[in-house]
Amino acid sequence: MRQRRTTTARAGFTLMELLLVMAILVILLGLVAPRFLGTQKKANIGAAKSQIGLLKGPLENYALDMNGYPTTEEGLVSLIELPSESEREDQWSGPYLDETSVPTDPWGNEYQYEYPPSRNQIDRPDIWSFGPDGEDGTDDDIGNWSDDDEDAS
């Protein structure tokens with residue numbers, strides 16, 4: 001009679017196979033991660049520029065109703081609630097933003113606001129984000145003054 005040979009199934013992976021798969025994953029991660037992080041930074045910068053641009057419309061509506069932009073002290077919050085010391089309550093037709101609070105930049109910081117402007121060449125408020133580093137006056141600040149300067153020419 002013939003004896004049947006039984007094959008045993010492998011119970012798992014060898015250590016060498018696991019190390020090889022892990023090495024491949026580390027290499028792939030090393031190639032993909034820097035590109036993803038660079039893309040995220042660009043996306044955040046684009047989002048900040050878009051949000052700053054979107055604040056322009058509500059500010060212009062406010063200026064039409066109130067015969068001027070909010071002061072630096074009143075800030076962007078005046079787009080949501082009537083400035084506390086306003087003598088022109090009957091003119092305010094807000095809220096001018098759909099949100100219940102002023103949006104923050106993609107890094108979680110408040111947008112900065114200044115009126116009268118010190119950076120714009122035309123009579124529009126300065127609106128800016130401190131950018132990824134969260135510090136004012138650095139090269140990564142994102143503001144509306146460059147866009148407005150182009151409009152003025």
Side-chain angles (χ1 to χ4, degrees), residues 1-63 69-84 93-153:
M1 193 183 246
R2 269 195 187 172
Q3 194 175 17
R4 272 196 171 174
R5 189 182 258 186
T6 58
T7 57
T8 58
R10 291 177 62 182
F13 296 105
T14 65
L15 180 60
M16 192 61 137
E17 290 170 329
L18 288 174
L19 289 174
L20 182 63
V21 169
M22 287 175 47
I24 291 170
L25 289 174
V26 167
I27 291 170
L28 287 174
L29 187 64
L31 295 172
V32 172
R35 290 185 183 180
F36 174 74
L37 294 176
T39 303
Q40 183 63 45
K41 183 178 178 181
K42 287 180 188 177
N44 285 343
I45 290 170
K49 288 179 181 179
S50 295
Q51 285 180 327
I52 289 170
L54 290 174
L55 289 171
K56 189 177 186 180
L59 279 167
E60 288 175 353
N61 289 338
Y62 177 99
Y69 291 105
T71 63
T72 302
E73 293 77 28
E74 293 170 338
L76 292 171
V77 73
S78 61
L79 296 175
I80 295 172
E81 55 190 51
L82 178 69
S84 59
S93 299
Y96 298 92
L97 291 175
D98 293 336
E99 292 88 13
T100 57
S101 64
V102 177
T104 57
D105 70 14
W107 301 278
N109 302 314
E110 292 181 3
Y111 284 103
Q112 305 302 305
Y113 175 86
E114 183 180 38
Y115 187 81
S118 61
R119 297 177 182 167
N120 270 315
Q121 300 299 316
I122 56 177
D123 189 35
R124 283 202 191 130
D126 290 339
I127 308 169
W128 72 99
S129 163
F130 293 150
D133 69 0
E135 296 179 18
D136 192 18
T138 56
D139 290 340
D140 67 348
D141 291 357
I142 302 161
N144 68 337
W145 46 87
S146 61
D147 294 336
D148 288 343
D149 290 347
E150 292 170 9
D151 293 343
S153 52

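Values below: every heavy atom of this structure, side chains too, minus hydrogens, waters and symmetry copies.
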*Just how far is it from atom CD of Glu114 to atom CD of Gln112, taken to the nearest 0.5 Å?*
10.0 Å

*Who are the salt bridge (Lys or Arg N to Asp or Glu O under 4.0 Å) partners of Glu60, not counting sequence neighbours?*
Arg124

*Considering non-hydrogen atoms only, spot the tightest contact between Leu97 and Pro103 and give its length.*
CD1-CD, 4.1 Å

*Report the distance from atom CD1 of Ile127 to atom OH of Tyr113, rounding to the nearest 0.5 Å.*
7.0 Å

*Closest heavy-atom contact between Thr72 and Pro116?*
OG1-N, 4.4 Å

_N/O donor-acceptor pair under 3.5 Å between Asp105 side chain and Ala48 backbone_ = no

_Walk me through whether Ile142 and Trp128 qualify under side-chain contact (heavy atoms from CB on, under 4.5 Å)._
CA-CA 5 Å; Ile142 302 161; Trp128 72 99; over 6 Å; no

*How long is the gap from CG on Asp141 to CZ on Phe130, to the nearest 0.5 Å?*
7.0 Å

_Just verifying a value: how many Å separate Leu54 CG and Leu59 CG, rounded to the nearest 0.5 Å?_
11.5 Å

_Spacing of Thr71 atom OG1 and Glu73 atom CD [to the nearest 0.5 Å]_ = 4.5 Å

*Among all residues two or more places apart in sequence or in another chain, which pass the side-chain contact (heavy atoms from CB on, under 4.5 Å) test with Asn44?*
Gln40, Pro106, Trp107

*asked:* Looking at Tyr96, is its backbone amide N or carbonyl O close enough to the side chain of Asn61 to form a donor-acceptor pair, meaning the two atoms are under 3.5 Å apart?
replied: no

*Sequence-distant partners of Tyr69, ring-ring contact (aromatic ring centres under 6.0 Å, His included), two or more places apart*: Tyr115

_How close do Leu79 and Pro58 get, counting heavy atoms only, and between which atoms?_
CD2-O, 3.7 Å

*Begin from the C-alpha positions of Leu55 and Leu76 and carry the test side-chain contact (heavy atoms from CB on, under 4.5 Å) through to its verdict.*
CA-CA 9 Å; Leu55 289 171; Leu76 292 171; 4.0 Å; yes

*So, does Asn144 use its side chain to make a donor-acceptor pair with the main chain of Pro125 at under 3.5 Å?*
yes

*Between Glu17 (side chain) and Thr14 (backbone), is there a donor-acceptor pair under 3.5 Å?*
yes

*Between atom CD of Gln51 and atom OG of Ser129, what is the distance when rounded to the nearest 0.5 Å?*
9.0 Å

*Over all heavy atoms of both residues, which pair between Gly143 and Ile52 is shortest? Give the atoms and the distance, please.*
CA-CD1, 4.3 Å

_Side chains of Thr100 and Ile80 in contact at under 4.5 Å (non-hydrogen atoms)_ = no

_Consider side-chain contact (heavy atoms from CB on, under 4.5 Å). Of Pro95, Ser93, Ser78, which one does Tyr62 pass it with?_
Ser78

